Structures are given as C-alpha cells and as structure tokens.
Amino acid sequence: RKEVEQDPGPFNVPEGATVAFNCTYSNSASQSFFWYRQDCRKEPKLLMSVYSSGNEDGRFTAQLNRASQYISLLIRDSKLSDSATYLCVVTLTDSWGKLQFGAGTQVVVTP
Amino acid sequence: NAGVTQTPKFQVLKTGQSMTLQCAQDMNHNSMYWYRQDPGMGLRLIYYSASEGTTDKGEVPNGYNVSRLNKREFSLRLESAAPSQTSVYFCASSDPVNIQYFGAGTRLSVL
C-alpha cells in the first residue's frame with residue numbers, strides 16, 4: 001500500500017465551477033501536510049501548507065482530517081490556469097525534511 | 001533569484017554510459033534532495049543530504065551515487081546507466097519548515 005494515495009483523475013471541471021479532491025495517508029503520526037502544484041513537464045511548486053484548523057488562500061481551501069487520515073483541496077471559481085496536477089505531500093514523523101509524495105490528481109478546467 | 005539550478009535539462013545515454021547531474025541552490029538551505037518522477041508513481045526520493053558533508057539513501061538509491069560538494073551543490077551520478085533509469089530527475093532543497101524548492105528537472109533517456 002502506498003504511503004500517500006490520490007485519485008489520479010482527470011477531474012474535468014467547467015470554468016467557474018468548484019472541484020474538490022482528497023488525499024489519504026497511511027502513517028497516523030504524520031506531522032506536516034502540503035499541496036504542491038505541477039504543470040505539465042515542469043517542476044512542482046508549493047501551492048499551500050495544510051494546517052490542522054484548515055486554511056484558505058484565495059480560491060483554494062485545504063482541510064486536514066486526522067481521524068480519517070486524509071487531506072482535501074477545494075478550488076472555487078475554477079480558472080483555465082488552474083489546470084495542473086496537484087500533488088499531496090506528507091512529512092513522516094522520523095524525518096527532518098523527507099517528504100512523501102502522492103502521484104497527483106490531474107485537474108482540467110474547460111471553457 | 002535563481003533558486004535551484006539543475007543541469008543538463010535533457011540527456012540521452014546509451015546503456016552502460018555514465019553521467020553526473022548537477023544541482024546548485026542559492027537559498028542557503030541545509031537540506032538537499034534528488035528525486036525521480038515516473039508516470040503514475042509520483043516523486044520518489046533517491047538520496048538526500050541533511051547538511052554539507054552528509055548523505056543518506058532514500059527510497060530508490062540503487063544505481064546512483066551522490067556528492068554533497070559544499071552547502072550549495074549536490075550532484076547525482078549514474079555510473080552505468082540502465083533503461084530503467086529513464087525518468088525525469090528533480091533536485092530540491094528545503095527551508096527550515098520543510099517547504100521544498102525544486103529545480104526545473106532533467107529529462108533522461110537511456111537507450
């Protein structure tokens with residue numbers, strides 16, 4: 001079983017709509033959680049950290065559910081530029097900076 | 001404002017050839033990483049370096065060696081390339097709160 005699992009998608013979303021997807025992790029003692037964005041053939045870039053109380057950054061909302069061991073990302077008012085692969089990232093408890101990456105969820109926003 | 005710089009961007013090797021991928025960061029980060037990314041697999045850690053002078057194996061170290069030349073530079077060497085090493089390689093460094101910054105990647109094909 002993978003440490004971090006994501007639905008690969010693609011999630012096809014009309015422009016202006018809302019899309020949400022989850023990521024599950026297997027290590028219950030995982031400490032830090034992030035969403036990264038990766039455009040086609042580019043490097044991953046941090047989208048947002050995920051805090052225990054949930055957090056928003058503009059149209060993006062991230063949630064953490066420790067009891068069920070998943071994090072979620074919601075994108076409101078989707079833009080064409082939101083088309084990308086979203087990587088879920090988790091730090092392991094015995095790490096000082098080693099991250100575990102999910103394989104990514106592809107989002108395609110259509111006009 | 002270079003961040004993490006990787007060279008080369010593309011490389012084609014024949015089976016058995018050797019090469020070194022170069023990586024340098026200008027953010028004064030202690031930790032540096034090498035990942036490979038294959039379709040459907042997500043990023044997998046090859047080697048990491050917590051600080052200058054130290055290196056450790058990650059998830060998939062076989063067939064690779066690394067050198068942390070100084071705080072800025074972390075190189076990855078393939079001594080005898082195999083077709084299974086065809087992949088996209090990313091170097092990264094991380095800040096004190098585990099946010100990782102990636103280079104643009106090296107696309108390697110081994111024939």
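Keep in mind that this is a model prediction, so the values were computed, not measured. In what follows, chains are A, B, ... by sequence order, proteins preceding strands, each numbered from 1.
In this structure, Phe60(A) and Tyr86(A) have tilted ring planes: the angle between them lies in the 30° to 60° band.
When heavy atoms are compared at a cutoff of 4.5 Å, Gln6(B) does not approach chain A at all. Heavy atoms closer than 4.5 Å to chain A are found in both the backbone and the side chain of Leu43(B). Neither the backbone nor the side chain of Pro8(A) has a heavy atom closer than 4.5 Å to any heavy atom of chain B. Contact annotation for Arg44(B): neither backbone nor side-chain heavy atoms come within less than 4.5 Å of a heavy atom of chain A.
For the residue pair Tyr33(B) and Ser93(B), no side-chain donor N or O sits within less than 3.5 Å of a side-chain acceptor on the partner.
Side-chain contact check for Leu45(B) versus Trp34(B): every heavy-atom pair is 4.5 Å or farther apart. Between Lys9(B) and Thr106(B) there is no side-chain heavy-atom pair separated by less than 4.5 Å.
Going from atom CD1 of Ile99(B) over to atom CG of Leu99(A) covers 10.0 Å, rounded to the nearest 0.5 Å. For the atom pair CD (Glu56(A)) and CG (Leu74(A)), the distance works out to 9.0 Å, reported to the nearest 0.5 Å.
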- Would Trp35(A) and Val50(A) count as a side chain to side chain contact (heavy atoms under 4.5 Å, CB included) if you check the C-alpha gap in whole Å, the side-chain angles of each, and the deciding distance to 0.1 Å? CA-CA 7 Å; Trp35(A) 284 105; Val50(A) 185; 3.6 Å; yes

- Message: Run Tyr25(A) and Glu3(A) through side chain to side chain contact (heavy atoms under 4.5 Å, CB included) and show every step you take.
- Response: CA-CA 6 Å; Tyr25(A) 58 95; Glu3(A) 296 274 353; over 6 Å; no

- Task: Decide side chain to side chain contact (heavy atoms under 4.5 Å, CB included) for Val110(B) and Thr15(B); before the verdict, give the C-alpha distance in whole Å, the side-chain angles of both, and the deciding distance to 0.1 Å.
- Result: CA-CA 6 Å; Val110(B) 183; Thr15(B) 297; 4.1 Å; yes

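A donor-acceptor pair under 3.5 Å is absent between the side-chain atoms of Gln69(A) and the main chain of Arg66(A), judged by distance alone. No donor-acceptor distance shorter than 3.5 angstrom exists from the side chain of Asn30(B) to the backbone of Ser51(B), with no hydrogens or angles considered. Here the side chain of Asp82(A) pairs no donor or acceptor atom with the backbone of Ser78(A) at under 3.5 angstrom. Without hydrogens or angle criteria, Gln25(B) side chain to His29(B) main chain gives a donor-acceptor distance under 3.5 Å. A distance-only check finds a donor-acceptor pair linking the side chain of Thr91(A) to the backbone of Ser32(A) [under 3.5 Å].
Under the rule for a side chain to side chain contact (heavy atoms under 4.5 Å, CB included), the partners of Ser68(A) that lie at least two apart in sequence or sit in another chain are Asn65(A), Tyr70(A).
Contacts between residues 100-111 of chain A and chain B, defined by a heavy-atom separation under 4.5 Å, are made by Gln100(A), Phe101(A), Gly102(A), Ala103(A). Using a 4.5 Å heavy-atom cut-off against chain B, the contacting residues of residues 36-43 of chain A are Tyr36(A), Gln38(A), Arg41(A), Lys42(A), Glu43(A). The stretch residues 60-90 of chain B places Phe90(B) near chain A, each with some heavy atom under 4.5 Å from a heavy atom of that chain.
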